[in-house]
Enquirer: 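Questions regarding the structure given below will be posed in turn.
Every chain is numbered from 1 and lettered A, B, ... according to where its sequence line falls, protein lines coming before strand lines. All values derive from a computational prediction rather than experimental measurement.
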Amino acid sequence: MRADLAPQYDPSRLDAAQYARWKAAGVFTAHADRTTRLGGSRVPFVMVIPPPNVTAVLHMGHGLNDTVQDVIVRWRRMAGDEALWVPGTDHAGIATQNVIERQLAQEGLTRFDLGRDAFVDRTTKFVAETGGVILEQLEAIGASCDWTRTAYTFSPELSRAVREAFVRLYEAGLIYKGHRVIHWCPRCLTSLSDEEAEFADERGELYQIAYPVAGSPSRSLVVATTRPETMLGDVAVAVHPDDDRYRDLVGRRVVLPIVGIEIPVIADPYADPAFGTGVVKITPAHDANDFEVGVRHGLPMPVVIDEVGAMREGPDAHGRVSESLRGLDRFDARARIVALLRASGQLVNVEPHQHAVRHCYRCDTVVEPRLSDQWFVRMAPLAKPALEALRAGRLRVLPERWEAVYVNWMENIRDWNISRQLWWGHRIPVWYCDACGGEPIVSRDEVTACVQCGGAVRQDDDVLDTWFSSWLWPLSTLGWPDENARDLTAFYPTDVLVTAPEILFFWVARMVMAGHFFMGREPFHTVYLHGTVRDMRHVKMSKSLGNGIDPLDVVRLYGADALRYTVIAGLGLGTDVMLDPTNLEQSFAPGRNFVTKLWNIGRFILQNLGDAPAPALADIDPARLTRADAWILARLDAAIAECDSALGPARPTHDGRWTSGELYAGLRLSELVESARRFAWSELADWYVESTKPRLGGPDADVARAVLVHAFDAALRLLHPVVPFITETLWQAIAPRAADEFLARAAWPKRRAPEGDAAREFELVREAVGAIRQIRAEYNIAPGARVAALVGGAEQRAGRVLADEAPLIGHLARADVSPGDGTGDGGAAAHAVLSDGSHVRVPLAGTIDLGKECGRLRGELEQLATLRAGIEQRLRNERFVTRAKPEVVAGERRRLEELTTRAAQLTAKVQTLCGG
RNA sequence: GGUCGCGUAGCUCAGCUGGUUAGAGCGCUGGUCUCACAUACCAGAGGUCCGGGGUUCGAGUCCCUGCGCGACCA
C-alpha cells in the first residue's frame, strides 16, 4: 500500500507538483479572522517582501533574500502563528523607464518621439505582458508567499495610498516645493535624491587657477577646484573670515578668467583655510555647498550647464558661455577650459587628486548638481519617532552594528527630494491654474477645473520618486489608507523585515518613518540585514560583470532545496555568501548531498516499515526503550533546543519591547541548519539508523520503528523551513496523511524529557565502537572481515553497559564482541582505553606488531601526561584556586580524576604488554 | 576625512557574556561499491587563532598599537 521511494530523489519531477499542492490547499494563505487581533486564537506573524522591480528576473541576490524570508515564515507557520508573507513588485520608475527607453533606442526613437501618453501606455503594456515573471520564479525556489495578496506599487489601490500620503504630508506642512541645487542625472534627465546619487572614489585632478584682483593686476587669488568647467558659473570667491592672508581683499573684486567679468571676494566660513590655498570659487547653481553660500550672501545663480550636461547659458548666465564652449559636453569643456587657462598662464598647478564623485545609481552617469524647482519632504519631524522606536527597544536591527548606521542617518537627516522628471511613475497630485495663478491645488482626486476661477488646470509634470510608494509598502499592501481594512487591523504592524543593507536608507528607514506618521507605530520590530552574494574573489555577483549564478540553473541542476540549503548554511548573521560561478558543482554539492542523504534515510525507513504504519512513540512502553533509543531521543531534544535558540524569540516578549537579553538573539539561520543537519546526518543516520538494523527483524522491531519514525519525523520538521520540498515529500511518505495534511503546517517540534542515564550510557557504546574501528584502520583489517573484541568496564556499571550492548557494539564495529578482562594475558592484541578507563582488546594473533602497539599506547599516555600536568599546575596555583569560579575549579578536579583513572589503566596495559 | 567591521585549517566560515584536548562543510591522504545512500561509509593529516605589547589565576575571546583587507557616510 505504501509506494516505495525512487532510488534517487528527482527534484525536477517532484518539486513543482509539490508546490502546486501547497498552493491548491491554501497552505500559504493567511486568514485575518484567525488572528488574535480579530478575536481569533493565532498570533499573526507578518513579513512583506522587498518588492523586486517589476521587470526583474530572479538573480542570486533575490535567491538569498527570499530564501531567508521563506525560512522564517515557514518556521513561524509551523510554530502555530497565522503567518503571512506578502509578495509583490515595484514599478521601479527610473529602472523601468530605462528599459523601455533602451527598447526605443533600438528602434531609433526616444521617448520624446512617442510623447508622454504613448510612452506610458507602452510601458504599462510591457509590464502587463512581461512583468512579474520574478514572482513565478519565486515559486520555483519554494517561496511560501500568500499569492492571494500579491501587490504592485503602481496598482490603483497602492496609487491611492500614494496620493493619500502625499496630501496628508502636504497638509501637515511636511511637503514643500523648493528651489535649490539637487543631484541631476544628465542621462536619465531627472533629479535624484541624496541616496540615489552614490559616491565612487575616483582619481581626478585638482586644478589651481589664478583669478587676478581687479585693479591690482600683479596680485591674484588662486582657487583650487576639481571641476574647472563650472567656473563659468562663478559669482564670487570666498575666503575664511579669520584668514589673515586675504583679509584685505574681502570686499574687493577679482576677474573671472575666460569669462572676463568681475566677481566679489567674500568672507564665509565655508572656505577651509587648510584646503589648497584657502580660497574657494563659488558656483551656486552647480554645487550644493556653493548654493548655500550664495543664499547667505544674496548672490546671483547663473546656470551654465544644461540638462544633458552640455555647456549652455541658462537663467542669469548671459554672456558667460562663449561661442567656442557652447554646446560642449561638460567633460570636453573641462579639457578646453584647462587648455585656455594654460595658454593664458592662469593655470597655476595641476595635481592628481583622489576624490569621491557622485554617480546615478541607475545608470552610473556622473551626477551634475543643478539648480531647479523640486518637491521635498521635510524629514526631521519624521525621523524623531523613528529614532525613538529604536531607542525604546520597539525596533531592533540585526546585526547590531547597523543600528549605529541607522541612528547616524536619522540624526543627520536631510530633506528628501521626491520629484522626478520622469514619465513612469505616480504623477504628483498637484494642479496649477494658469488663468488665475493661485495657489497650487493639492488633491486626492483628479482636478479638472480651478477651484478659484473654474479655469483650466494642468497637473504637475513630475512623478514621484519610486521610493515614495515603497516606503508605504507595509501599510499600503495591507489596505491603508482604509484604516478599517481587515488586513490592516489583523496584520499591521508586521514583524520582521528582511533585506540587504544597501537599502537601509532608501527603504527601511523611510518605512519606519511612514509607519509612524500614518499609523502611529513602527511597521516591524526587527530589521534583519543579510549579506551579499559574492564570487570567490569576493566581488559582488552581477549580471553585467558576468560573475552571476542563475538560481534557476541551480534549481534545474540540483533542485531548489540544494540551493536553499547552500545559501542558508553559508550565511552567518550579516556575513556575505561566497559562491563560485565557475563551479556550480563545488558550490552546491553540500546542499545536494544533504538532500540525497535525507532521501536515503527515508528510503531505509520505508523499506523497513512493512505495510502497517509505525506505532506512535507515545504508545510504546518506556521500559522497552533501549539505550540507543534513549540516546537518539535525547539528541533530538538537544537539537530542538539548539534550533529554537538559533531562531527565536520570534517577537519581543515584553510589551512590544525587546529586553536586553533577547535584543540581538535569534534569526541565526545557519545555526539552525547546522544543528538540524548534525542531528539528521551525524546522529540519526550515522548512529541510530545503523543501530536499528539488527532489531528490525526481531521482537522489539515495533519499538525501533516507532523511535525511528518519531526521530525522522521531527528531523523533517526542523529541516522543513530550509529544505521544504524534500521534507514534505518524505513526510507524506512515511505515514498516511489526510489530503489537507501538510508538513508545511505541521507543528514545530517540542522537547520531550530531560536526558536520562540510558542516553548517557550509550556514549560508552559509541566510544567502544570508535576504539575498535580505529584499531581496525590502524591494522588495515579488511572492512568486510570480522574481528574478535573483548570489552571490560572500568567499574561495575560500565561493565554492565558494555556487556549488555556487546552485540550492538559488534554490529557497529564489525566485530564479535564479548565481555572480557581487559588486563588479560597481554597476548597479541591491540588495546584501547576509553575515557572512563574502560578497555577494549582486539586479539590479532599474527598481525600485531608489538613495538607499534606499545608505541601507540605510550604516545597516548604521553598526551595524557601533558594534559594532566597542565591541570595539576593550574590546581597548584593558589591564585587560580582562590580566584577562579568554584565550578571551574571543581570541573578541573573532576577532569584530573578522569584522566588519572585512564592513565592508570593505560600504564597497566603498557606494563603487561610491553614490560614496563 | 569620519564611523564601523573583518583578519581562526588549503578554501568558506562557527567559536555567544574570557574557563575541557579551538569546531563544521568543502578540499586533501589511506581504506571500502558492507543488504538506505560511492551525491556514500570508515579512519586520518592539517591551526605560531595577522604581528607586537598589556589586563587577568587564565586571552582566539577584553584593552592599546602596527600591518593588511572591506563597508557605509561626508
Enquirer: Within the structure shown, what part of the strands sits under 4.0 Å from Tyr406(A) by heavy-atom distance: base, sugar-phosphate, or nothing?
Expert: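 Nothing, no heavy atom under 4.0 Å.
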Enquirer: For nucleotides 41-48 of chain B, tabulate all protein N/O to nucleotide N/O atom pairs closer than 3.5 Å, reporting atom names and distance.
Expert:
{"residue": "rC41(B)", "atom": "OP1", "partner": "Lys597(A)", "partner atom": "NZ", "Å": "3.1"}
{"residue": "rC41(B)", "atom": "OP1", "partner": "Trp681(A)", "partner atom": "NE1", "Å": "2.4"}
{"residue": "rG44(B)", "atom": "OP1", "partner": "Gln774(A)", "partner atom": "NE2", "Å": "3.4"}

Enquirer: Can you identify which nucleotide, out of rA36(B), rC4(B), rA71(B), has its nearest atom closest to the Trp402(A) side chain?
Expert: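 Looking only at side-chain atoms, Trp402(A) lies closest to rA71(B).
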Enquirer: Can you check whether Arg401(A) reaches Val405(A) side chain to side chain, under 4.5 Å on heavy atoms?
Expert: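 Arg401(A) vs Val405(A): side chains apart.
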Enquirer: With a 3.5 Å cut-off and heavy atoms only, can you find an N or O donor on one side and an acceptor on the other between the side chain of Lys540(A) and the base of rA71(B)?
Expert: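 No, no donor-acceptor pair under 3.5 Å.
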Enquirer: Does Arg668(A) reach a base, just sugar-phosphate, or nothing at all? Heavy atoms under 4.0 Å.
Expert: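 Result for Arg668(A) = nothing.
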Enquirer: From the options Asp561(A), Leu719(A), Val595(A), select the one residue that forms a side-chain contact (heavy atoms from CB on, under 4.5 Å) with Thr727(A).
Expert: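 The single option meeting the side-chain contact (heavy atoms from CB on, under 4.5 Å) with Thr727(A) is Leu719(A).
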Enquirer: For Glu674(A) and Phe604(A), take the nucleotide of RNA chain B holding the closest heavy atom to each; which residue's nucleotide lies nearer the 5' end?
Expert: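 Nearer the 5' end of the strand: Glu674(A).
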Enquirer: Who is the Watson-Crick or G-U wobble partner of rA45(B), with both distances under 3.5 Å?
Expert: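 None - no nucleotide pairs with rA45(B), as no candidate has both distances under 3.5 Å.
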Enquirer: Under 4.0 Å, heavy atoms only, any strand: does Gln873(A) hit a base, just the sugar-phosphate, or nothing?
Expert: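 No contact at all - Gln873(A) keeps every heavy atom at 4.0 Å or more from the nucleic acid.
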Enquirer: Does this structure show an ion pair linking Arg592(A) with Glu585(A), if we count only N-O contacts that are shorter than 4.0 Å?
Expert: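 The answer is yes: the pair qualifies as a salt bridge.
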Enquirer: Can you tell me which residue among Tyr9(A), Trp599(A), Tyr565(A), Phe588(A) is in a ring pair (Phe, Tyr, Trp, His ring centres under 6.0 Å) with Phe594(A)?
Expert: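 With Phe594(A) as partner, Tyr9(A), Trp599(A), Tyr565(A), Phe588(A) yield a single ring pair (Phe, Tyr, Trp, His ring centres under 6.0 Å), made by Tyr565(A).
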Enquirer: Identify the nucleotide, in any strand shown, that forms a Watson-Crick or G-U wobble pair with rG70(B), with both distances under 3.5 Å; if there is none, say none.
Expert: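 Its partner is rC4(B) (Watson-Crick or G-U wobble, both distances under 3.5 Å).
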Enquirer: Work out how far the P atom of rU56(B) is from that of rG18(B), and round it to whole angstrom.
Expert: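 Those two atoms are separated by 16 Å.
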Enquirer: For nucleotides 14-20 of chain B, give me every protein contact, N/O to N/O, under 3.5 Å, one pair per line with atom names.
Expert:
{"residue": "rU20(B)", "atom": "O2'", "partner": "Arg895(A)", "partner atom": "NE", "Å": "2.9"}
{"residue": "rU20(B)", "atom": "O2'", "partner": "Arg895(A)", "partner atom": "NH2", "Å": "3.4"}

Enquirer: If you look at every strand shown and take non-hydrogen atoms under 4.0 Å, does Val595(A) touch a base, only sugar-phosphate, or nothing?
Expert: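 The residue Val595(A) makes no contact with any strand.
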Enquirer: Does rA40(B) pair with anything, Watson-Crick or G-U wobble, both distances under 3.5 Å, and if so, with which nucleotide?
Expert: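 Answer to the pairing question: rU32(B), which forms a Watson-Crick or G-U pair with rA40(B).
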Enquirer: Could you state the CD1-C1' distance from Ile781(A) to rU34(B), rounded to the nearest angstrom?
Expert: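 Checked: the CD1 to C1' distance equals 16 Å.
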Enquirer: Could you tell me how far rG51(B) sits from rC69(B) if I compare only their C1' atoms? Round to whole Å.
Expert: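 Approximately 15 Å lies between the C1' atom of rC69(B) and that of rG51(B).
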Enquirer: Could you give the distance separating rG53(B) and rG70(B) at their C1' atoms, to the nearest angstrom?
Expert: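 Rounded to whole Å, the distance is 26 Å.
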Enquirer: Should rG10(B) form a Watson-Crick or G-U wobble pair with both distances under 3.5 Å, which nucleotide is its partner?
Expert: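 Checking every strand shown, rG10(B) finds its partner in rC26(B), with both distances under 3.5 Å.
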Enquirer: Phe594(A) has an atom CZ; how far is it from atom C1' of rC37(B), in whole Å?
Expert: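 My rounded result for the distance is 13 Å.
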Enquirer: Could you check whether atom CD of Gln873(A) has more than 12 heavy atoms from other residues, nucleotides or ligands sitting under 6.0 Å from it?
Expert: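 Check fails, neighbour count at 12 or below.
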Enquirer: Please report the distance, rounded to the nearest Å, between CZ in Phe588(A) and P in rU12(B).
Expert: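 Between P of rU12(B) and CZ of Phe588(A): 16 Å.
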Enquirer: Side chain of Thr596(A) only, please: which of rG5(B), rC37(B), rA36(B) is the nearest?
Expert: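 That would be rC37(B).
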Enquirer: Take atom P in rG27(B) and the same atom in rU21(B), then report the distance between them in whole Å.
Expert: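 31 Å, rounded to whole Å.
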Enquirer: Can you check the Asn593(A) CG to rG25(B) P distance for me, whole Å?
Expert: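 Answer to the nearest Å: 12 Å.
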Enquirer: If only side-chain N and O atoms count, and only distance matters, is there a donor-acceptor pair under 3.5 Å linking Tyr664(A) with Glu403(A)?
Expert: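 There is such a pair between these side chains.
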Enquirer: How far does the P atom of rU3(B) sit from the matching atom of rU8(B), given to the nearest Å?
Expert: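 Looking at atom P only, rU3(B) and rU8(B) are 26 Å apart.
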Enquirer: Thinking salt bridges, do Arg766(A) and Glu763(A) make one under a 4.0 Å N-O criterion?
Expert: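 Yes, Arg766(A) and Glu763(A) are salt-bridged.
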Enquirer: Rounding to an integer number of angstrom, what distance separates rG47(B) and rA24(B) when you compare their P atoms?
Expert: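 15 Å, rounded to whole Å.
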Enquirer: Distance check needed: rC35(B) P versus His811(A) NE2, whole Å only.
Expert: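 It works out to 12 Å between those atoms.
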Enquirer: Find the distance Leu684(A):CG to rC37(B):P and express it as a whole number of Å.
Expert: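 Value for this atom pair: 16 Å.
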Enquirer: For the residue pair Trp409(A) and Phe505(A), categorise the inter-ring angle as parallel (less than 30°), tilted (30 to 60°) or perpendicular (more than 60°).
Expert: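 Rings of Trp409(A) and Phe505(A): parallel, as their planes differ by under 30°.
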Enquirer: For rC26(B) versus rA36(B), give the span between their C1' atoms, rounded off to a whole number of Å.
Expert: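 Each nucleotide's C1' atom is 24 Å from the other's.
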Enquirer: Got a salt bridge between Glu662(A) and Arg396(A), using NZ or NE/NH1/NH2 to carboxylate O under 4.0 Å?
Expert: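 Salt bridge absent between Glu662(A) and Arg396(A).
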Enquirer: So, is Lys693(A) close to the rA36(B) phosphate, meaning a side-chain N or O under 4.0 Å from OP1 or OP2?
Expert: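 Answer yes for this pair, as a side-chain N or O of Lys693(A) is under 4.0 Å from OP1 or OP2.
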Enquirer: According to the Watson-Crick and G-U wobble definitions, with both distances under 3.5 Å, which nucleotide is paired to rU61(B)?
Expert: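 Check on rU61(B): unpaired, no WC or wobble geometry under 3.5 Å.
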Enquirer: Is any side-chain heavy atom of Arg695(A) closer than 4.5 Å to a side-chain heavy atom of Val707(A)?
Expert: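 No, side chains not in contact.
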Enquirer: Between the main-chain N or O of Asp580(A) and the side-chain N or O of Asp535(A), is there a donor-acceptor pair closer than 3.5 Å?
Expert: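 No: the side chain of Asp535(A) does not pair with the backbone of Asp580(A).
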Enquirer: Mind checking if Ala685(A) touches a base, just sugar-phosphate, or nothing, with heavy atoms under 4.0 Å?
Expert: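 Here Ala685(A) touches the bases of the nucleic acid.
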Enquirer: For the pair made of CZ in Phe505(A) and P in rC73(B), what is the distance, rounded to whole Å?
Expert: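 Rounding to the nearest Å, CZ of Phe505(A) and P of rC73(B) are 6 Å apart.
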Enquirer: On RNA chain B, check which nucleotide each of Val689(A) and Arg879(A) is closest to and give me the residue with the more 5' one.
Expert: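 Final value for this comparison: Val689(A).
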Enquirer: Can you tell me, in whole Å, how much space there is between the C1' of rG31(B) and that of rA45(B)?
Expert: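 These two C1' atoms come out 15 Å apart once rounded.
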Enquirer: Any non-hydrogen side-chain atom of Glu897(A) less than 4.5 Å from a side-chain atom of Arg894(A)?
Expert: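 No; the side chains remain at least 4.5 Å from each other.
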Enquirer: Rounding to an integer number of Å, can you tell me how far Gln586(A) CD sits from rC11(B) P?
Expert: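 Spelled out: CD on Gln586(A) to P on rC11(B) is 13 Å.
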Enquirer: Where the side chain of Pro590(A) is defined as all heavy atoms beyond and including C-beta, which of rU12(B), rC26(B), rU39(B) is the nearest nucleotide?
Expert: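 The closest nucleotide is rC26(B).
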